[in-house]
Amino acid sequence: MTKTPAEVELMADAGRLLASVFAHLDALPLAGLSTLQVNDLVEAFIVGRLGARPASKGQYGYGFVLNSSCNEVVCHGVPSADEVLRDGDIVNFDITLEKHGFIADSSKTYLIGDVAPVARRLVRATYEAMWQGIRAVRPGAKLGDIGHAVERHAKRNGYSVVRDYCGHGIGREMHEAPQVLHFGRPGTGLTLREGMVFTIEPMLNQGRRAVRTEDDGWTVVTSDGKLSAQFEHTVAVTRDGVRVLTLRPEEGRAAA
């Protein structure tokens with residue numbers, strides 16, 4: 001479960017490239033685009049501009065380079081020409097890429113146009129919950145410390161944490177050990193060691209935490225039809241703390 005310093009640097013290179021994909025998305029006028037158009041633009045950028053491989057495409061038979069999860073969709077939403085982003089939507093784009101044989105994984109929830117305050121609040125709290133989890137990472141800490149930090153922030157803000165999906169180790173394979181739950185008790189679980197690399201990717205629901213999978217076998221939605229949001233970063237345990245390998249330029253203050 002641990003990577004060498006050289007391997008962490010290769011993963012950091014992949015992470016920087018992935019961060020640039022989100023910077024590219026940030027500059028696009030997303031309203032009016034279909035989620036399939038966004039998928040195709042991201043694929044062209046990853047392959048043509050970055051010379052990297054979209055790691056999600058072909059994984060488990062999946063045919064696209066990203067997951068697009070809009071409004072009540074919790075995760076694993078499938079891009080579609082029929083799903084057009086409209087004013088007031090919130091949409092998570094979960095994107096991966098592979099470079100130098102290592103994979104980076106990150107996601108961000110976007111606000112499309114004039115978004116209702118209740119939706120903005122959910123998105124903000126989800127982002128903050130991810131960072132609460134990240135700040136719990138250091139050598140000697142426990143996996144339960146991460147989950148506890150995430151869930152505590154969610155509950156304080158009146159939201160539930162989805163328990164059916166979790167973060168994961170990552171490296172040459174998309175999904176490696178350990179599983180990183182977004183709930184838990186402090187001081188419990190696996191002890192973190194320098195060189196571990198994994199994702200922290202909480203999904204917070206406006207209502208109950210229960211979810212269901214739609215008939216396509218991919219798309220996961222809230223059981224009560226209320227909104228859900230997610231953010232994700234790939235992180236490495238360092239000698240004295242944590243390094244966010246997929247950190248985006250505008251996040252410097254959040255990392256401090």
What closest approach, in Å, do Thr2 and Met196 show between heavy atoms, and which atom pair accounts for it?
CG2-CG, 4.0 Å
Applying the side chain to side chain donor-acceptor pair (under 3.5 Å) test to His233, which of Thr246, Thr199, Asp105 qualifies?
Thr246
With side chains defined as the heavy atoms from C-beta onward, is the minimum distance between Val8 and Thr238 less than 4.5 Å?
no
Indicate yes or no for a side-chain donor-acceptor contact from Ser106 to the backbone of Glu232 under 3.5 Å, with no hydrogens or angles considered.
yes
Quick check: do Lys99 and Leu50 have side-chain heavy atoms less than 4.5 Å from each other?
no
CG of Leu66 to CG of Asn92: how many Å apart, nearest 0.5 Å?
9.5 Å
Verify side-chain hydrogen bond (donor to acceptor under 3.5 Å, both in side chains) between Gln132 and His153, making sure each step is shown before the conclusion.
CA-CA 7 Å; Gln132 290 295 319; His153 189 78; 4.6 Å; no
Nearest 0.5 Å please: distance from the CD1 atom of Ile103 over to the CG atom of Leu97.
9.0 Å
Side-chain donor or acceptor of Arg120 paired with backbone N/O of Val115 under 3.5 Å
yes
Rounded to the nearest 0.5 angstrom, the CG-OG1 distance for Leu247 and Thr234 is 11.5 Å
Can you see which heavy atom on Val78 is nearest to which on Glu83, and at what distance?
O-OE1, 4.4 Å
Nearest heavy-atom contact between Gly61 and Trp218 is C-CZ2, 4.4 Å
Any chain of hydrophobic side-chain contacts (each under 4.5 Å) joining Ile112 to Val73?
no
Please examine the side chains of Met174 and Ser56, heavy atoms only from C-beta on, and report whether any two atoms are closer than 4.5 Å.
yes
When every non-hydrogen atom of Gly241 is compared with those of Pro139, the smallest separation belongs to N-CD, 3.7 Å
Salt-bridged, Arg243 to Glu9, with N to O below 4.0 Å?
yes
Heavy-atom closest pair, residues Val65 and Val42
CG2-CG1, 4.0 Å
Using 30° and 60° as the class limits, which term best fits the ring planes of Phe45 and His24: parallel, tilted or perpendicular?
parallel
Using the ring of each side chain (for Trp, its six-membered ring), is His168 parallel, tilted or perpendicular to His175, with breaks at 30° and 60°?
perpendicular
Pair Lys142 + Asp145, salt bridge at N-O below 4.0 Å:
no
With a 4.5 Å cut-off on side-chain heavy-atom distances among I, L, V, M, F, W and Y, is there a chain of contacts connecting Phe102 to Val197?
yes
Is there a continuous path of hydrophobic side-chain contacts, each under 4.5 Å between heavy atoms, that joins Val161 to Val220?
no
Less than 4.0 angstrom from a charged side-chain N to a carboxylate O is my criterion; do Arg248 and Asp26 meet it?
no
In this structure, OG1 of Thr222 is separated from CG of Asp224 (nearest 0.5 Å) by 5.0 Å
Quick check on Arg185: does its CZ atom have over 12 non-hydrogen neighbours (other residues, nucleotides or ligands) under 6.0 Å away?
no
Between Trp131 and Glu251, is any pair of side-chain heavy atoms under 4.5 Å apart?
yes
According to a 4.5 Å side-chain heavy-atom criterion applied to Ile, Leu, Val, Met, Phe, Trp and Tyr, with indirect links allowed, do Val221 and Val91 form part of one hydrophobic cluster?
no
Passes side-chain contact (heavy atoms from CB on, under 4.5 Å), Val137 versus Phe198? Steps please.
CA-CA 11 Å; Val137 177; Phe198 49 81; 4.1 Å; yes
Walk me through whether Met203 and Val211 qualify under side-chain contact (heavy atoms from CB on, under 4.5 Å).
CA-CA 11 Å; Met203 289 149 265; Val211 301; over 6 Å; no
Looking at CD of Glu72 and OG1 of Thr219, how far apart are the two atoms once the value is rounded to the nearest 0.5 Å?
10.0 Å
Between the CZ atom in Arg124 and the CG atom in Leu111, the distance rounded to the nearest 0.5 Å is 10.0 Å
Around atom CD of Gln179, are there more than 12 heavy atoms from other residues, nucleotides or ligands closer than 6.0 Å?
no
Any donor-acceptor pair under 3.5 Å linking the side chain of Gln206 with the backbone of Leu227?
yes
Side chains of Leu143 and Ile146, heavy atoms from C-beta outward: is any pair under 4.5 Å?
yes
Looking at every non-hydrogen atom in both residues, tell me the closest pair between Ala149 and Ala136 and how far apart they are.
CB-CB, 4.4 Å
Would Val123 and Phe231 count as a side-chain contact (heavy atoms from CB on, under 4.5 Å) here? Give the steps.
CA-CA 9 Å; Val123 172; Phe231 284 89; 3.7 Å; yes
Heavy-atom count around Glu173 CD within 6.0 Å, excluding the residue itself: above 12?
no
For a side-chain contact (heavy atoms from CB on, under 4.5 Å) check, start with the C-alpha distance between Thr109 and Tyr127, then their side-chain angles and the critical distance, and finish with the verdict.
CA-CA 9 Å; Thr109 296; Tyr127 183 70; over 6 Å; no
Is it true that a side-chain atom of Ser160 and a backbone atom of Arg209 form a donor plus acceptor pair closer than 3.5 Å?
yes
Whether Lys3 and Glu176 form a salt bridge (side-chain N of Lys/Arg under 4.0 Å from carboxylate O of Asp/Glu) is what I want to check.
yes
With heavy-atom distances below 4.5 Å as the criterion, would you say the side chains of His182 and Glu201 are in contact?
yes
pair Tyr159-Thr126: side-chain heavy atoms closer than 4.5 Å
no
Side chains of Gln230 and Ser69: does their closest heavy-atom pair fall under 4.5 Å?
no
Treat each ILVMFWY residue as a node, draw an edge where side-chain heavy atoms are under 4.5 Å apart, and state whether Ile95 and Leu17 are in one component.
yes
Asp114 backbone acceptor or donor facing Asp87 side chain under 3.5 Å
yes
